[in-house]
Amino acid sequence: MAGRINDDDVKAVRDAVPIDSVVSEYLQLRNAGGGNLKGLCPFHDEKSPSFQVSPAKGLFHCFGCQEGGDTIAFVMKIDHLSFSETVERLAAKAGITLRYEEGGYNPSHQRGERIRLIEAHQAAADFYVRALESPEAEIGRKFLAERGFDQDAATHFRVGYSPAGWDHLTRYLRGKGFSDKELITSGLSQDGRRGPIDRFRGRLMWPISDTAGEIVGFGARRLRDDDNGPKYLNTPETPIYKKSQVLYGIDLAKKDIAKASRAVVVEGYTDVMACHLAGVTTAIATCGTAFGNDHIKILRRLLMDNGSARVIFTFDGDSAGQKAALRAFEDDQKFAAETYIAIAPDNMDPCDLRLAKGDDAVRDLVEPRTPLFEFALRQIVGRYDLETPAGRASALDEAAAVVAKIKTSSVQREVAVQLAGLVGILDQEFVVHRVAQLARWARDKGGDSRGGRGPGGPQDRRGGAPQQAVQAPAAPSGPALNLRSPAHRTERELLKLALQKPALVSPAFDAYGADEFTAPPYAAVRQCIAEAGGAERGLGDDREYLVAVMDAAPDNTVRSLVTELAVEVFMGRTIDETYAGMQLVHVRLRAVDRRINEVQGSLARLGSNVAPHDLAAAQNEVWVLQQYAQSLRAKGADAL
């Protein structure tokens, strides 16, 4: 049984690893105001960023899908790790040595599966890099040199070599403490007649990393004529390697992709190397599969999916390259970015182009030239005989269906006009009408395909001219919260103050009961704060305080609301003691007024049946409450 990680060490890990630096490994973050950052949520599809990160509090929250929590929760969710695996991974990043309770700690047995597989790949990468220097690897070094890659290039991309023997790597990793089961599960070894043998033998090796920079697999290039295997052999599907979810070079390119709002998609490992060495440091490639939906999700989060972003695909000009381009165009509308295609002269790939014409030619190649939709339409139209009416009609039918997928109506119309010219139909409005008709039929059949809440969703939740009754956290979320209600808006604002700026509402807030919050979800959050030690606890370590509040939540719904309130911006412009006092007074005053109405209502229902002493007590309570309410209205927070 694995030992339990010491609580103090867990806290040290939370404090040591900034949440914004961790989240930035997976998506681009921009300033959201109030010290917060925003980006496209990695947990659901959305067009506008509703995912917010609060570096000061160490929390994240998505106002679209309601996912939220601290750094540990983020890594657990995005990489599908257990709590212990996540803490171990973050501790390694921060250089923290963890202590384990309930017995001793045996790293080879107690570390989580994902971490063990990552460590095995890291060890394998080091082994392959050293092997590239061996006499046997001369064929691999020659292969690289012939393509313009020297030793420095090989070192930068961590290119290695797998020895031709049956089990060199397997024996090496066994010596490092990895079990046969781990080696088979990792895909580094495979079953042989007498036990595990190396999967990759006598090949040039490229390590494939995920967005966080951890090696999860390898791509292996055949070097010898007597190798009967495929030209390229990749790691099989494993718990950490899914070929449809990785992009070669993404760990090297992600910062420049985010900075330049531009990505270049090439076809192979050497093409990525050639582009980067030529100065095109935003180049990435798929790993043995077509560019698909999961790859788009990765790029969208880095590009922030804004209208100024560019995605340039480079494909060979042959039929296979054309088919690849058309497949890419099928997913084109999942980008907000503009997509282009670049085909080198003489159908050369970037690696060959760099050898033949130098770095300048590679940089020139990937400058946006032909929009992907235009290339796709020309390929479709080119299959028909446009000299005949039947050929023009058939070309229009197929191409119009493609144009109808363009979601922006103004762009759709413009492309439809271009299609009319390509097909040779003089009546442009006929083509525009045909495309619009097909688009309308598709919408009526499939409905609105946009994911998420769309623009404005998070803003509606925070007040600011709400258009409809807004729900509390996504189902199951309890009763609806109508933010038109002044009471609900004020209660929400007071809870945000208690979580984000406890010094402004302490100690008065801790005297407020959960029954002073009329919305049940808000009453639940108030109870969590009380169980965590009250807002006054937040005057010390604010991160520890927020963790305690979340730990007190009875379920994920309440926990999600806590993180949401902890990162949401305030409705007021100036957040000071005066503003905090107003929220305290408004919540208390409404609670007092409600109690007065309750007592007076009870007296009215009882009428003459009320006992004299009960009547006197009730009248006295009403009088005291009325005096208190009058004092609150006159003196504000000083009367609390």
Side-chain angles (χ1 to χ4, degrees), residues 461-463 470 472-473 477-539 545-546 548-550 552-555 557-559 561-562 564-566 568 570-572 575 577-602 617-618 620-640:
R461 292 185 127 270
R462 294 192 283 268
V470 180
S477 61
L481 296 181
N482 180 1
L483 294 188
R484 287 179 178 173
S485 163
H488 288 176
R489 283 203 302 269
T490 308
E491 290 170 17
R492 187 180 187 89
E493 207 70 357
L494 181 55
L495 289 173
K496 283 153 59 175
L497 285 163
L499 292 169
Q500 299 184 37
K501 297 183 179 294
L504 294 180
V505 294
S506 295
F509 177 86
D510 290 336
Y512 283 50
D515 59 348
E516 296 191 56
F517 293 82
T518 57
Y522 293 165
V525 174
R526 172 65 191 96
Q527 185 62 34
C528 292
I529 295 174
E531 293 179 11
E536 201 161 9
R537 179 175 179 179
L539 302 182
Y545 161 60
L546 289 172
V549 175
M550 287 189 288
D555 53 44
T557 300
V558 177
R559 190 173 299 111
L561 183 55
V562 170
E564 179 175 339
L565 297 172
E568 188 176 275
F570 291 97
M571 290 190 293
I575 311 304
E577 290 184 0
T578 301
Y579 183 79
M582 289 172 57
Q583 313 313 312
L584 285 164
V585 168
H586 289 159
V587 170
R588 174 57 58 81
L589 189 55
R590 290 192 181 98
V592 171
D593 288 341
R594 285 196 304 274
R595 180 56 185 166
I596 291 174
N597 291 334
E598 289 173 4
V599 175
Q600 290 178 333
S602 296
N620 182 65
E621 181 181 357
V622 169
W623 183 84
V624 171
L625 289 171
Q626 288 174 334
Q627 295 300 306
Y628 186 34
Q630 184 177 347
S631 179
L632 286 170
R633 291 186 176 94
K635 299 180 181 179
D638 291 337
L640 291 171

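Keep in mind that this is a model prediction, so the values were computed, not measured. We use all heavy atoms of the structure for the numbers below, so side chains are in, but hydrogens, waters and symmetry mates are not.
Tyr579 contributes a side-chain N or O that, together with a main-chain N or O of Gly572, makes up a donor-acceptor pair within less than 3.5 Å.
Not counting sequence neighbours, the partners of Glu598 by the side-chain hydrogen bond (donor to acceptor under 3.5 Å, both in side chains) test are Arg595. Applying the side-chain contact (heavy atoms from CB on, under 4.5 Å) rule to Glu491 yields the partners Ala487, His488, Phe517, Thr518, Ala519, Tyr522, Val587; only residues at least two apart in sequence or on another chain are considered.
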Problem - Worked verdict on Leu497 versus Phe509 for side-chain contact (heavy atoms from CB on, under 4.5 Å) - result: CA-CA 10 Å; Leu497 285 163; Phe509 177 86; over 6 Å; no
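Considering all non-hydrogen atoms of both residues, Gly636 and Val585 come closest at C-CG2, 3.3 Å. Val622 approaches Gln600 most closely through the heavy-atom pair CG1-NE2, 3.7 Å. The two atoms that bring Ala591 and Glu516 nearest to each other are CB-OE1, 3.7 Å, heavy atoms only. The minimum heavy-atom distance linking Lys501 with Ile575 is given by the pair CD-CG2, 3.7 Å. Nearest heavy-atom pair, Ala498 versus Ala535, reported as atom, atom and distance to 0.1 Å: O-CB, 4.2 Å. Closest approach of Ala548 and Arg537 over heavy atoms only: CB-NH1, 3.4 Å.
Counting heavy atoms of neighbouring residues, nucleotides and ligands inside a 6.0 Å radius, atom CD of Glu577 does not exceed 12 of them. Within a 6.0 Å radius of CD in Gln630, no more than 12 heavy atoms belonging to other residues, nucleotides or ligands are found.
In this structure, Leu499 CG and Ile529 CD1 are separated by 4.0 Å, a value rounded to the nearest 0.5 Å. For the atom pair NE2 (His586) and CZ (Arg590), the distance works out to 6.5 Å, reported to the nearest 0.5 Å. Rounded to the nearest 0.5 angstrom, Leu565 CG and Glu493 CD are separated by 9.5 Å. Taken to the nearest 0.5 Å, the CZ atom of Phe570 stands 4.0 Å off from the CD atom of Gln500. Distance check: Ile596 CD1 to Leu625 CG gives 5.0 Å after rounding to the nearest 0.5 Å. Remark: Leu640 CG to Leu584 CG distance equals 6.0 Å, nearest 0.5 Å.
Under the 4.5 Å side-chain criterion, counting only non-hydrogen atoms from C-beta, Glu564 is in contact with Arg492.
Residue pairs meeting the salt bridge (charged side-chain N to carboxylate O under 4.0 Å, His left out) criterion with at least one partner in residues 624-635, sequence neighbours excluded, are Asp593-Arg633.
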